[in-house]
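Everything on this sheet refers to the single structure shown next.
These figures come from a predicted structure and were not determined experimentally.
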Protein chains: 4
Amino acid sequence: MAGTGTQRKSDTRQRIQDIALDLFVEQGYEKTSLREIAERLEVTKAALYYHFKTKESILVSLFADRVEPLDELIAWAREQPRTLEVKQEFLRRYTEQLKASSRLFRFMQENQAELRDLRVGETFKSRVDDTMELLLAPDPSLADRVRCTAALISLHAGMFALKDVEGDPEEKYDALLEVSFELLAAAHEGRGPAA
Amino acid sequence: MAGTGTQRKSDTRQRIQDIALDLFVEQGYEKTSLREIAERLEVTKAALYYHFKTKESILVSLFADRVEPLDELIAWAREQPRTLEVKQEFLRRYTEQLKASSRLFRFMQENQAELRDLRVGETFKSRVDDTMELLLAPDPSLADRVRCTAALISLHAGMFALKDVEGDPEEKYDALLEVSFELLAAAHEGRGPAA
Amino acid sequence: MAGTGTQRKSDTRQRIQDIALDLFVEQGYEKTSLREIAERLEVTKAALYYHFKTKESILVSLFADRVEPLDELIAWAREQPRTLEVKQEFLRRYTEQLKASSRLFRFMQENQAELRDLRVGETFKSRVDDTMELLLAPDPSLADRVRCTAALISLHAGMFALKDVEGDPEEKYDALLEVSFELLAAAHEGRGPAA
Amino acid sequence: MAGTGTQRKSDTRQRIQDIALDLFVEQGYEKTSLREIAERLEVTKAALYYHFKTKESILVSLFADRVEPLDELIAWAREQPRTLEVKQEFLRRYTEQLKASSRLFRFMQENQAELRDLRVGETFKSRVDDTMELLLAPDPSLADRVRCTAALISLHAGMFALKDVEGDPEEKYDALLEVSFELLAAAHEGRGPAA
DNA sequence: GATGAATGAGATTTCATTCAT
DNA sequence: CATGAATGAAATCTCATTCAT
C-alpha cells in the first residue's frame, strides 16, 4: 500500500481545475464551454460531471482554496495594533497572495460583471471590504478613503496594466507595493483633503 | 398635449443603444441576449437587425461616439508643453469624459475579458497607451511609471470601488482627481524609487 | 411625347430580372435572397415588391417570356409531316432557343429539385413531353425512346458539361446538334433494340 | 418475437443518413431543415448534432461511402488496355454503381447548383473528369468528345428522364447502357465530325 | 471513473413579406 | 416609384445537464 507515489488519488480533478482556469482567464467564464474544457483534457463532458456537480462549482472550487489564506491574513491583522508598520506588513503579505494566485486574480479583475451574480463575487467583495477597514484610520476623510482604495486597486490591477512594460516581474511587484505604501502612508497620517 | 406624445420620428436606434448599454452593464455582454433587448424595447429581434447588422455592432456603436472626444483631448495635449499644469488639466478633462460616459466605462472595467477579442478593446487600449505616454516624463523610472499607472487606474476604477461609500458623486470625483494629482506630481518630479 | 427614347417606361423591372437570373444561376433560387438582389440593384427590398408580388413571381416572370416561343415552335412542328428533316429542323430551332436563353436553361438544369414544386417546373416538363412526342415515331421501342431522350438531354446538359473544353461555343453547339442528329436518326429508323 | 424488437445498439447515425437522403432528394438540400430530419426521426435537433458536427457534414457523409468504389473502378480501368470491350465493361460497372446509389445520384443530378460550393461537388466533378479521360481516345475530336459526354450524361440523367415511361427498371438500364455503347463505339472509332 | 447518447432551452441570424409615407 | 421600419417564422447551431451502462 505504501509507496505508491505521491498522487495516489486521481488527479483528474486537479487537471480540470487547471485547464478550466486557463480557459476562464483566456476567454472569460461564460465564453468557456464545458466542451472546450473536456476536449483539452481529452475526456468527455460527462467525465467533468463526475468530478463537479455543475459548471459553476468548478469556478467555486477555484476560489475555495484561496479564501482560507486570505481569511487567515485578515484574522492576523485584526489582532495587531493599527500601526503603519502593521499595515505595510499586511499589504506585503497580501501581495504575496496576489502573486501566488495571479491567474485567478487576473480572472477576477477582468470578469467582474460575470462574477457579480455568482456568489463567489460576494465572498471576495466582503474580504475587500474587510481589508479596506483594516487599512483605514477610524472615521477617515474621503480623501484618505480614496488613497486606500487606490492603493488596493493598484495592487490588483497594476500587474496587468504593466504587462507590456519590460522588466523583472519581481521588480514590478516591488514598485507597485512601494507606491501603495506611499498612498497608505498619506492616508495613515490623515494628510487631509489632498492639500 | 403638444410635445408629450410618442416620438414620431423613429429614435429606435438610439433606444436600442440605451437599453443595450443598460443590460450590458448589468449583466455583461455575452449574458445579454438580443431577445432581452428586444423585449425591453417591445420590438422583435428582427427589428434590432434592421438597425444593427450584428450584436457586436451594437457594442461597437456604443463606443464609436466616445472615441472622437478622447482623440481630440489627446491631440490637444500633444500640442501643449509637458508641464505639470498641463498634465493636470489633461486629467481633469479626462475625468470629465469618464463622468460623461460612466456607464460605458464601467462596462469596460468589468468586462475586460469579453472585450479583449472584440477589436473595440484594442481601440481603447491604444488610447490608454497614448495617455500614459503623455503623463510620463521621458525615460521614466519604473516607480514613476507605476505612479502614473496607478493614477489612471484609480480614476477608472475608483468610482465603482467607492460605490458603497456615502457622499456626493461630485465630491468623490474631486477626491479621486486629487489623489491622481498626488501620484502625478510625484511622477512628474521623478521622485525616484519611492524614497 | 414622341422621341423620348426607347426606354420610356421604367427599366427597373428588367434590371431586377437580369440580376435575379444572374444570382439564381450562380447560387440557386433558395440561396439567393431578395436582400442580395436589392443590394446589387442598389434599391431597397421594398422596391422589389413594387414590381413583383413575391419572390417566386420574379422567377416565374423569367420563364414567361421563353414559354411563348417554345410553344410556337411546338405548334409549328405539329403542322409539319414527321419526316427526319423536319425533326432535325425542329432540333435546330430548339437549340437556337437554348442558346438564346442559355442562362435560364442552365439554371433549370442545375436546380431541378428547387423548381420541382414551383409550378414553373410543371410548365416546362409538359413542353419537354410534347417535344419528345414530336421526335418519337409512333409506338416507339424502348431503345428509340432512350435515343430521343439522350438527344434532348445532351442538348440541354451538354454545354455545361463541355464548359472546360476549349473551343468556340458555336462549334460546340454544332457538335452537340450533330450528335443529337445521330441519335435522332437512329430512333427515326426504328433501328431496333440497339443491335 | 425474437429479432423484431427495437435495435438495441444505436443505429441513429445510420437512420439520420437515411432520412436525410430521403428528404434531400425530395426537397433539395437547402430546403430540408434539421428540424424536419429530427422530427421524422423522433429525436431532437440536438441529437443530430451529437452525431454530425454540421448540416453539411451529414451530406458529406452520404457521399463518403460512394467515393471509394468509384475510385476503385477508375483504378481498375487504368490498368486495362483501352479497348472498346474494356470501355464497355467500365460503363457496365459504372452503371451498377449508379443503380446501387440511385437516390444519391438523383440528388446530385437535381441539385448541382447547391452542391457546387460544397466541396463534395468538386470531389465528384474530378471523378467525372477521370472517367471522361478513360473513355476518350487520345487527342479526340470535338465530336467524339461530345459523344462520350452524351454517353455519360445519358446514363446519369436518363433514369430520371424515363421515370414516367412504363416498363421494368432493369430493362431501362439496359436500354440506356446500349445507347451509351453506341455513342461510345462511334467515339472509339473516331468516326469524325459526325458524318 | 468515465462514456455515449440524448435533451430542452436558448443563442444569433436570415428571410420573405407588409405597410404607411 | 420607392423607402424606412418592422414583423413572424424559421434556420443553424451551442450549451449545460442527465442518465443508463
query: So C:L115 and C:L59, side chain to side chain contact (heavy atoms under 4.5 Å, CB included) or not? Walk me through it.
result: CA-CA 10 Å; C:L115 285 173; C:L59 185 62; 3.8 Å; yes

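Rounding to whole angstrom units, CD1 of residue B:I37 and P of E:dG10 are separated by 17 Å. Going from atom CD1 of C:I58 over to atom C1' of E:dC15 covers 13 Å, rounded to whole Å. Taking atom CG of C:L59 as the reference point, atom C1' of E:dA16 lies 15 Å away to the nearest angstrom. Residue C:L41 contributes atom CG, which lies 9 Å from atom P of F:dT3 at whole-angstrom precision. For the pair B:Q14 CD and F:dA5 C1', the interatomic distance rounds to 17 Å; values are reported in whole Å.
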task: Whenever both distances are under 3.5 Å in a Watson-Crick or G-U wobble pair, mark it; put DNA chain E into dot-bracket that way, with [ ] for crossing pairs and | when the partner is on another strand.
output: .||||||||||||||||||||

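Residue order along DNA chain E, read from the 5' end via each residue's closest nucleotide, puts A:Y50 first among A:Y50 and D:E42.
Shortest non-hydrogen contact noted between A:Y29 and A:K55 is O-NZ, 2.9 Å.
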task: At under 4.0 Å between heavy atoms, which parts of nucleotides 14-21 of chain F does protein reach? Answer with one letter per nucleotide, 5' to 3': B base, S sugar-phosphate only, - none.
output: BBBBBB--

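Salt-bridge formation is detected for the pair D:E110/C:R116: a Lys NZ or Arg NE/NH1/NH2 atom is positioned less than 4.0 Å from an Asp or Glu carboxylate oxygen. Ionic pairing of C:K31 and D:D117 is present here: one or more N-O contacts between side-chain nitrogen and carboxylate oxygen are shorter than 4.0 angstrom. Ion pairing between a basic and an acidic side chain is recognised when a charged N comes within 4.0 Å of a carboxylate O; C:E39 and C:R35 show such pairing.
In the displayed structure, D:E122 atom CD is contacted under 6.0 Å by at most 12 heavy atoms of other residues, nucleotides or ligands.
Distances shown here put a side-chain N or O of C:T12 below 4.0 Å from the OP1 or OP2 atom of F:dA2. Considering only side-chain N and O atoms, A:H51 lies under 4.0 angstrom from the phosphate OP1 or OP2 of E:dA2.
B:T32 contributes a side-chain N or O that, together with a main-chain N or O of B:L23, makes up a donor-acceptor pair within less than 3.5 Å.
The aromatic rings of B:F63 and B:F107 sit tilted relative to each other, their planes meeting at an angle between 30° and 60°.
Atom OG1 of residue D:T123 and atom CG of residue D:L70 lie 11.0 Å apart, to the nearest 0.5 angstrom.
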